[in-house]
Amino acid sequence: MTNKIHFGWFSQCAGPIGFDSPNATEGADWREPEMYQKMAQICENGKFDFALFADHLGISVDSGNRIDTHVEQGVTVCHDSTVLAATVAAHTKHLGVGTTMSTSLTLPYQLARQISSLDHLTKGRVAWNIVTSYSKGAFDNFGYDSVPEHDARYDQADEFMDLCCQLWGSWEKDAVVMDKASGLFADPDKVKPIHFKGNYYKSAGPLNMVPPAAGRPVMIQAGSSNRGMEFASRWADAVIVAKQTVEDMKKYYDSLKEMARKYGRKPEEVKVLFIIKPIFAATEELAAQKAAEPVSDNELHRAITQLSHRMNFDLSKLELDEPVPVMNEKGITGGQTTLSRHQTAGHRPTLREIATREVVGNNLNITGTPEQVADQLQQIMETIGGDGFVLRVNPHEHGYMQEFVDTVVPVLQQRGAIRQQYTGDTLRDNLLEF
Ligand SMILES: Cc1cc2nc3c(=O)[nH]c(=O)nc-3n(C[C@H](O)[C@H](O)[C@H](O)COP(=O)(O)O)c2cc1C
């Protein structure tokens with residue numbers, strides 16, 4: 001039997017990045033809702049599981065503590081992803097909508113309540129992308145003197161999750177009665193304070209909103225470091241991750257599923273979704289031509305700014321055409337595998353190569369006709385064992401997504417490799433469908 005593949009859309013920037021791309025839809029304005037709603041509707045037509053919006057809580061700074069480069073390039077200028085997810089949910093019916101919220105820069109009560117509301121208002125379609133935040137600009141905005149250390153943020157996040165789960169558990173499943181005859185809304189014996197006291201947080205509870213119908217929302221995570229994987233395997237329903245080789249993908253997939261087992265979870269409860277952006281065209285020659293198109297200097301420098309932001313380390317000081325040195329990852333306060341995932345066995349790429357890959361986004365170099373791309377996607381999934389892919393596409397690029405849904409998706413559907421129709425009512429149903 002053919003393995004079924006999940007697809008999601010990951011919008012790495014719900015902001016201006018991409019406004020100047022030759023592939024941007026004419027007239028698309030990142031400040032207005034239609035750009036995102038239209039893209040989400042295309043994904044829903046392709047029967048994707050979800051759209052996920054990244055988020056950042058401040059304009060990043062460079063090593064000289066200046067914001068200028070980031071402002072010039074629009075890096076980390078973006079919508080509040082929770083507001084955006086609600087706007088998109090109102091214009092879709094089946095597609096999951098993911099918002100990114102920070103465990104370091106939000107209070108657990110506030111987040112548990114907000115997500116509970118969204119879960120009901122979207123009828124079970126919301127997902128929370130759990131991040132710990134890493135940028136100095138963000139921590140500066142929230143009154144911190146420094147960015148907490150990488151692993152310590154995950155320790156705090158574990159306690160944050162414990163508290164959220166207790167708040168979501170503060171209402172028993174059958175607490176709400178809503179009996180019209182007696183006027184009884186809810187049974188007070190089934191709604192209890194939690195009196196949580198931890199190392200970082202205190203909260204009395206119970207939540208003043210009914211928890212998500214499934215007990216907790218769908219949770220997504222994107223940690224690739226060892227500590228990040230520990231965290232993800234404990235809490236996440238889906239993990240999104242970028243890898244450069246099938247071997248690295250398989251290694252990540254197997255390790256994460258094994259870690260999930262350690263936490264008493266079934267491996268199939270944690271979906272691993274790999275970030276890709278295949279290049280496809282009607283003929284192999286045209287696809288090869290597209291793949292050979294050079295990236296502009298603007299795109300290249302913006303990618304370096306984005307990578308620097310993601311690592312919390314200013315890469316602009318490195319030589320563009322020298323192999324990037326292998327760094328001590330423990331010293332990186334942002335994404336610890338941002339560079340090392342490119343430094344695969346026997347290859348030490350230059351900064352130009354890494355930034356170019358970042359612009360193109362074609363991890364694993366999946367290129368060809370729609371049939372050839374479908375072949376490659378299926379082969380990768382067969383080698384790894386599952387579970388699916390996330391297309392990292394800029395929200396300005398409707399044309400790319402429309403073409404993917406019009407050409408690659410039907411091939412995969414005909415082969416029984418992706419769903420023809422949504423069968424579940426909620427995002428969780430769809431994620432657990434196969
Ligand atoms: C695909 C992807 C998307 C991410 N999206 C965000 C985001 O929107 N906001 C954010 O603050 N961090 C984001 N992150 C950062 C991660 O959540 C994580 O904090 C970071 O990668 C550091 O953890 P690690 O060293 O375990 O990978 C993202 C990371 C990846 C790989």
Side-chain angles (χ1 to χ4, degrees), residues 8-15 17 50-60 75-82 84-85 98-106 127-139 141-142 147-158 160-161 219-236 238-244 248-249 252 255-256 259 272-277 306-313 327-342 357-358 361 363 389-395:
W9 166 41
F10 175 51
S11 168
Q12 191 170 302
C13 170
I17 290 180
F50 61 80
L52 170 62
F53 300 104
D55 204 352
H56 302 284
L57 293 168
I59 296 179
S60 271
V75 172
T76 64
V77 174
C78 59
H79 276 292
D80 177 307
S81 63
T82 307
L84 181 58
T99 169
T100 296
M101 285 195 274
S102 168
T103 52
S104 305
L105 301 173
T106 319
W128 167 27
N129 178 29
I130 312 166
V131 298
T132 64
S133 297
Y134 47 78
S135 101
K136 181 170 180 316
F139 281 89
N141 286 339
F142 286 75
V147 179
E149 191 265 324
H150 178 275
D151 287 8
R153 295 199 309 271
Y154 278 119
D155 294 344
Q156 180 175 349
D158 272 327
F160 191 111
M161 300 307 299
M219 294 187 273
I220 299 179
Q221 224 274 327
S224 308
S225 62
N226 287 338
R227 184 64 183 91
M229 288 176 73
E230 277 288 339
F231 180 84
S233 60
R234 183 169 173 198
W235 301 108
V239 178
I240 59 171
V241 60
K243 293 285 169 201
Q244 298 303 320
D248 285 351
M249 289 166 84
Y252 182 93
S255 309
L256 197 94
M259 287 176 172
V272 180
L273 309 172
F274 294 97
I275 299 170
I276 53 165
K277 191 180 180 196
Q306 283 179 294
L307 288 163
S308 303
H309 154 71
R310 219 175 295 149
M311 293 175 69
N312 236 3
F313 181 89
M327 295 186 188
N328 173 9
E329 290 189 331
K330 279 284 157 210
I332 303 291
T333 50
Q336 292 190 335
T337 60
T338 310
L339 290 180
S340 62
R341 76 177 167 87
H342 292 276
R357 287 182 192 171
E358 184 67 21
N363 296 327
F389 297 104
V390 171
L391 294 180
R392 197 194 77 176
V393 180
N394 191 291

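Whatever order the structure lists them in is the order used to number ligands and atoms, beginning at 1. All heavy atoms count here, side chains included; hydrogens, waters and symmetry mates do not.
- In the vicinity of Phe10, heavy-atom distances shorter than 4.0 Å reach the ligand 1 atoms 1 (C), 3 (C).
- Residues Tyr134 and His309 bring a donor and an acceptor atom of their side chains to less than 3.5 Å of each other.
- In summary, the atoms of ligand 1 found under 4.0 Å from a heavy atom of Gly228, numbered by their order in the structure, are 26 (O).
- When non-hydrogen atoms are compared, ligand 1 lies under 4.0 Å from neither the backbone nor the side chain of Arg310.
- Near Tyr134, meaning under 4.0 Å from one of its heavy atoms, ligand 1 places the atoms 10 (C), 11 (O), 12 (N), 15 (C).
- Distance CZ/Phe231 to OG/Ser225: 11.0 Å, rounded to 0.5 Å.
- His56 and Thr76 form no side-chain donor-acceptor contact under 3.5 Å, judged by distance and modelled atom types alone.
- Contact annotation: for Ile275 versus ligand 1, heavy atoms closer than 4.0 Å belong to the side chain alone.
- Relative ring orientation between Tyr252 and Phe274 is described as perpendicular, the plane-to-plane angle rising above 60° on a 0-90° scale split at 30° and 60°.
- Residue Gln221 places no N or O, backbone or side chain, under 3.5 Å from any N or O of ligand 1.
- The side chain of Thr100, and not its backbone, has at least one atom closer than 4.0 Å to an atom of ligand 1 (non-hydrogen atoms only; side chain from C-beta on).
- From Leu307, atom CG reaches atom CD of Glu358 across 4.5 Å, with rounding to the nearest 0.5 Å.
- At least one side-chain heavy atom of Gln244 sits under 4.5 Å from a side-chain heavy atom of Asn363.
- Close contacts between ligand 1 and His150 involve ligand atoms 23 (O), 24 (P), 25 (O), 26 (O) [criterion: under 4.0 Å to a heavy atom].
- For atom 16 (C) of ligand 1, the nearest protein heavy atom (residue, atom name, distance) is Ala222 O, 4.0 Å.
- For atom 6 (C) of ligand 1, the candidate residues are Ile332, Val131, Thr99; the nearest heavy-atom contact is made by Val131.
- Within the model, atoms CZ of Phe313 and CG of Leu339 stand 8.5 Å from one another, a figure rounded to the nearest 0.5 Å.
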Inset, instruction - Tell me, with the steps shown, if Tyr154 and Trp235 meet ring pair (Phe, Tyr, Trp, His ring centres under 6.0 Å). - result: CA-CA 12 Å; Tyr154 278 119; Trp235 301 108; over 10 Å; no
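- Each of the atoms 24 (P), 25 (O), 26 (O), 27 (O) of ligand 1 lies under 4.0 Å from some heavy atom of Ser225.
- Taking the side chain as every heavy atom from C-beta outward, Met101 and Val131 never approach each other to under 4.5 Å.
- The atoms of ligand 1 that sit less than 4.0 Å from any heavy atom of Ala54 are 8 (O).
- Note that CG of Asp55 is 10.5 Å distant from NE2 of His79, once rounded to the nearest 0.5 Å.
- Looking at Asp55 next to ligand 1, an N or O pair under 3.5 Å apart turns up.
- When only non-hydrogen protein atoms are considered, atom 18 (C) of ligand 1 lies nearest to Tyr154 OH, 3.9 Å.
- At a 3.5 angstrom cut-off on N or O pairs, Ser224 counts as close to ligand 1.
- For Gln12 and Asn394, the side-chain atoms include no donor-acceptor pair closer than 3.5 Å.
- Counting atoms of ligand 1 from 1 in the listed order, those under 4.0 Å from a heavy atom of Gln336 are 25 (O).
- Interface atoms of ligand 1 facing Gly335, defined by a heavy-atom separation under 4.0 Å, are 20 (C), 21 (O), 22 (C), 25 (O).
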